[in-house]
Amino acid sequence: MRKSIGIAVPVATLAALALLTACGSSDGTHPCTLKDAPAGIHVKVPPELANRTADATLTACWDDTCRKRTLRLRDSGPEEPATIWPGFAQVPGLPGKPVRVTLEFKNQRGTTVLDKQTTVTPKPTYPNGRNCSPAGHQARLTVTEQGTLIPR
């Protein structure tokens, strides 16, 4: 009768080891981590415009999909969730192809102070370096002091 002697290793441990091994780069010098970057659009706005804007929205459209997001233009303080950054709108599913973006800013009276549209192509982000898998697609826009919307 043959007896098999081995070490019992939990399946979760084996899965974690396989994941860590798969995340490393081919040359072994740069390990990939599980760091992620959200898909979304960065918007740079001049302080004068940001200060007179009470409500800012960003609408991103591609194919038959449109996603409208609130855009915070200033730091509001510690009571805000840490997942919301000034000038950044998270847009889950943002593709790596042209997206039509509309920015609409209103003042405290509800009067529109900016209503601009442009097309931008989001690019993948690499929070772990170019040797690792990409994370969410992101795009960048700049509103000039004259109110022009420029993809950057």
Trainee: Take atom CZ in R109; do more than 12 heavy atoms of anything else shown fall under 6.0 Å from it?
Mentor: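 12 or below, so no.
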
Trainee: Only one of T59, V120, T119 passes side-chain contact (heavy atoms from CB on, under 4.5 Å) with V101; say which it is.
Mentor: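 The single option meeting the side-chain contact (heavy atoms from CB on, under 4.5 Å) with V101 is V120.
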
Trainee: So, taking the atom named CG in N128 and the one named CG in D36, what distance separates them when rounded to the nearest 0.5 Å?
Mentor: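 One finds 8.5 Å between CG of N128 and CG of D36.
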
Trainee: Quick one: does any side-chain atom of T142 pair with a main-chain N or O of K44 as donor and acceptor, under 3.5 Å?
Mentor: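 Not at all, since once roles are kept as given, no pair shorter than 3.5 Å links the two residues.
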
Trainee: Should the heavy atoms of other residues, nucleotides or ligands under 6.0 Å from CD of E48 be counted, would the total exceed 12?
Mentor: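 Above 12, so yes.
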
Trainee: Any side-chain to backbone donor/acceptor pair from R140 onto V43? Under 3.5 Å, distance only.
Mentor: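 A pair under 3.5 Å: no.
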
Trainee: Which atoms form the tightest heavy-atom contact between Q138 and P38, and what is the distance?
Mentor: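 Taking every non-hydrogen atom into account, NE2-O, 2.8 Å.
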
Trainee: Looking at CG of L71 and CD of Q90, how far apart are the two atoms once the value is rounded to the nearest 0.5 Å?
Mentor: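 Nearest 0.5 Å value for the CG-CD distance: 12.0 Å.
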
Trainee: Would you sort out whether Q117 and T102 count as a side chain to side chain donor-acceptor pair (under 3.5 Å), showing the intermediate values?
Mentor: CA-CA 4 Å; Q117 189 176 92; T102 303; 3.0 Å; yes

Trainee: Would you check if L103 and D115 make a side-chain contact, meaning some heavy-atom pair closer than 4.5 Å?
Mentor: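 Heavy-atom side-chain distance check fails, nothing below 4.5 Å.
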
Trainee: With the side chain counted from C-beta on, respond yes when I150 and T118 share a heavy-atom pair under 4.5 Å apart, and no when they do not.
Mentor: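 No - every pair of side-chain heavy atoms lies 4.5 Å or more apart.
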
Trainee: Work out which heavy atom in G136 is nearest to a heavy atom in T125; give both atom names and the distance.
Mentor: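 Heavy atoms only, the tightest pair is O-OG1, 2.8 Å.
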
Trainee: For the atom pair OG1 (T57) and CZ (R69), what is the distance rounded to the nearest 0.5 Å?
Mentor: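 These two atoms lie 11.5 Å from each other.
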
Trainee: Is there a side-chain contact between L114 and T112, using heavy atoms and a 4.5 Å cut-off?
Mentor: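 SC-SC contact between L114 and T112 ruled out.
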
Trainee: Assigning hydrophobic clusters by single linkage (Ile, Leu, Val, Met, Phe, Trp, Tyr; side-chain heavy-atom cutoff under 4.5 Å), is L94 placed with Y126?
Mentor: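 No; Y126 is not reachable from L94 via cluster members.
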
Trainee: L141 versus V143: any side-chain heavy-atom pair under 4.5 Å?
Mentor: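 When only atoms from C-beta onward are counted, V143 and L141 do not touch, as no gap falls below 4.5 Å.
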
Trainee: Any side-chain heavy atom of H137 sitting closer than 4.5 Å to one from V91?
Mentor: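 H137 does not reach V91 side chain to side chain.
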
Trainee: Any sub-3.5 Å donor-acceptor pair from N107's side-chain atoms to T111's backbone N or O?
Mentor: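 Answer holds: yes.
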
Trainee: Does P122 reach the side chain of I41, with side-chain heavy atoms less than 4.5 Å apart?
Mentor: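 P122 vs I41: side chains apart.
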
Trainee: For the CZ atom of F105 and the CZ atom of R52, what is their distance to the nearest 0.5 Å?
Mentor: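 Between atom CZ of F105 and atom CZ of R52 there are 10.5 Å.
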
Trainee: Work out which heavy atom in A135 is nearest to a heavy atom in A37; give both atom names and the distance.
Mentor: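 Between these two residues, the closest heavy atoms are CB-N, 3.6 Å.
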
Trainee: What is the distance from atom CZ of R100 to atom CH2 of W62, rounded to the nearest 0.5 Å?
Mentor: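 Between R100 CZ and W62 CH2, I get 11.0 Å after rounding to 0.5 Å.
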
